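So the structure is just underneath, and the comments pick up after that.
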Amino acid sequence: MARFVLSLHSAPSDHDTTQRLYKFALACLAQGHAIDAIFLYQHGVFHASEHINLATDELAIKSLWQQLHQHNINLMLCVTAAEKRGLNLATTGVFSVAGLAEFAMLASEADKWVQFK
Amino acid sequence: MARFVLSLHSAPSDHDTTQRLYKFALACLAQGHAIDAIFLYQHGVFHASEHINLATDELAIKSLWQQLHQHNINLMLCVTAAEKRGLNLATTGVFSVAGLAEFAMLASEADKWVQFK
Amino acid sequence: MSTLHIFSKPISYYDNARLVNLIQPQDKVLLVSDACYSINLYRQLAASLLVLAEDASARGIDIVKPDECQNYADFVALTLSTSQSITW
Amino acid sequence: MSTLHIFSKPISYYDNARLVNLIQPQDKVLLVSDACYSINLYRQLAASLLVLAEDASARGIDIVKPDECQNYADFVALTLSTSQSITW
Amino acid sequence: MINVLVLSQHAPFDDMHIRDALDMTLIFAAIEQNISWLFTGPAVLALKKGQEAESLGLKNYFKSIKTLEIYDVENIYVCEKSLIDYNLDINDLIIEAKALDFKAQRDLITQQQQVINL
Amino acid sequence: MINVLVLSQHAPFDDMHIRDALDMTLIFAAIEQNISWLFTGPAVLALKKGQEAESLGLKNYFKSIKTLEIYDVENIYVCEKSLIDYNLDINDLIIEAKALDFKAQRDLITQQQQVINL
């Protein structure tokens, strides 16, 4: 069993990267690995907006995050990156607002850090 | 006197493009030209977030938009692009929520459309 | 000691003159997303390319030898069998 | 009939093999932002490059002949003296 | 009526670039301007036959591109050189498009009032 | 303690790429990991002397890069080939950095537990 951290760097309009991160995360869990955190950085922070409401034929972004959350994965949002980009930090849904240091510590303890962008 | 429309395609984290759009707009007005609209499209829509609060040594993005607004420039936000990106359309400050058609009509009547990205 | 190199865009998005010098013969090159479109052009980076099957299939791209299909379980395994990964 | 071509990134960001074929001798090439860093490399697109003075100056770049400094008033005038502009 | 050219240069799934360009093209057609759309570089891949995004869980916007024909958007152009780069032929495309060499692309640009690079 | 490499490839004012990489580098130094930062392609321009962003109304993050020395971040590397591409010399840089040829860059990558491309 290995310990992973994943980071997402692209905006929610990049549906393709979002679905790939989700599937990679599920494949990790299916193999019995642990995901210590998924971290939103750079434009990835926009995923924590509560106003993402897409048509039914679009990728169900909100639901994917809900599912990862139900797997007890720590979904973290970089506070510095989010403030610079005008995200509302009062309502970030399943994401917890975290400093870069918190994530860097988890990344230092993990076996693997895989970036998605 | 010519009629311009401008569009902004990059996110508020792209400070350099933001200041260039602002200075170009002021230079247009200084020469007696009209700016019929500035339109936020693609990642540019994130400029309409009311949560952009930067440190004092950073570009004063909010204040730049306020100034352009005080020059009576029509600041428009593309509703389709904004919805896809999770922007809160209830509070868009100096930006008016507009359809692509509204902007396209203004662009068709303008002499020049200059993109910033 | 090998590195996993992950590409998600056609090779024209990258500075391949520089990249080709950073990839070693024992390294693995995984193509995902729109990188699948330019398998032939990625050949300069590795003799055998690994391609995420789902992504290639959605784009109507067939994977033929010497390239290899990978599913998500393989993708996870690849990150573990290599010493480090780089998402370019 | 000439076109204004606006670049804001170093030329390595673009597919210059393609671009060089889309720019005509009578066209104007304006470098702003980080495009100012690679004036020499943009030479293949035009004999004389126009450079936004403020942007070059902040980056510690000197503009010398045959290239020409432009201020924002010039930039606005350029969009009006050309038939169309493209922000690449 | 003015001539407007939408320029696409991004790969099919690079953010929403092609979808944004599609929206822009359809709107200009709807307000009855003379709209053209030029695909160049990896953007030509957005017109490649045999693709479907649903298997990835994504909206199949390739189907939406086909609606260009319903809305009578006829000026669809592809860069001839880019087709060759990606081993494509005009018959491999999901809609009717004209392949343009560089000279024809330069002429197309020259005829426009506005050129929008998305 | 693990070896972490931050990789920068973007131009100095391209969104916040270099600033995001700086934040990441400083944090790993703060939590006492063995952090390295490699500038390659147009990113080497972020280290060029004689720049100041205030005249544009922007934060002068070049000054913040200098704080790397205060925080004892010593493993700053630049791609030798990229310096040449942009007519720069190691003495034209605002901080002390080691120029690496491709062989040395490959070795640097091999020594890492994590490589983060920002």
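Because the structure is predicted, anything quoted here is derived from the model rather than measured. Basis for what follows: all heavy atoms, side chains included, without hydrogens, waters or symmetry-related copies. First the proteins, then the strands, lettered A, B, ... as listed; each starts at 1.
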message = Which atoms of C:S83 are under 4.5 Å from chain F, going by heavy atoms: the side chain, the backbone, both sets, or neither?
response = backbone
key: Region of C:S2 in contact with chain F, defined by heavy-atom distances below 4.5 Å   = neither
key: Choice from F:Q114, F:K81, F:Q105 maximising heavy atom contacts with chain C below 4.5 Å   = F:Q105
message = Could you work out, with ring-ring contact (aromatic ring centres under 6.0 Å, His included) as the rule, every residue matching C:Y72, not counting sequence neighbours?
response = none
remark   = Honestly, the part of F:L7 sitting under 4.5 Å from a heavy atom of chain C is side chain
inquiry  = Are F:F13 and F:F62 an aromatic pair, judged by ring center distance below 6.0 Å?
reply    = yes
inquiry  = Distance alone, cut at 3.5 Å: any donor-acceptor contact between the side chains of F:N34 and F:N75?
reply    = yes
query = Checking heavy atoms, do the side chain of F:T40, its backbone, both or neither come under 4.5 Å from chain C?
reply = both
ask   = Do F:E54 and F:N60 meet the criterion of a side-chain donor-acceptor pair at a distance under 3.5 Å?
value = yes
note = Scanning both residues in full, the closest heavy-atom pair of C:R59 with C:D34 reads NE-OD1, 2.9 Å
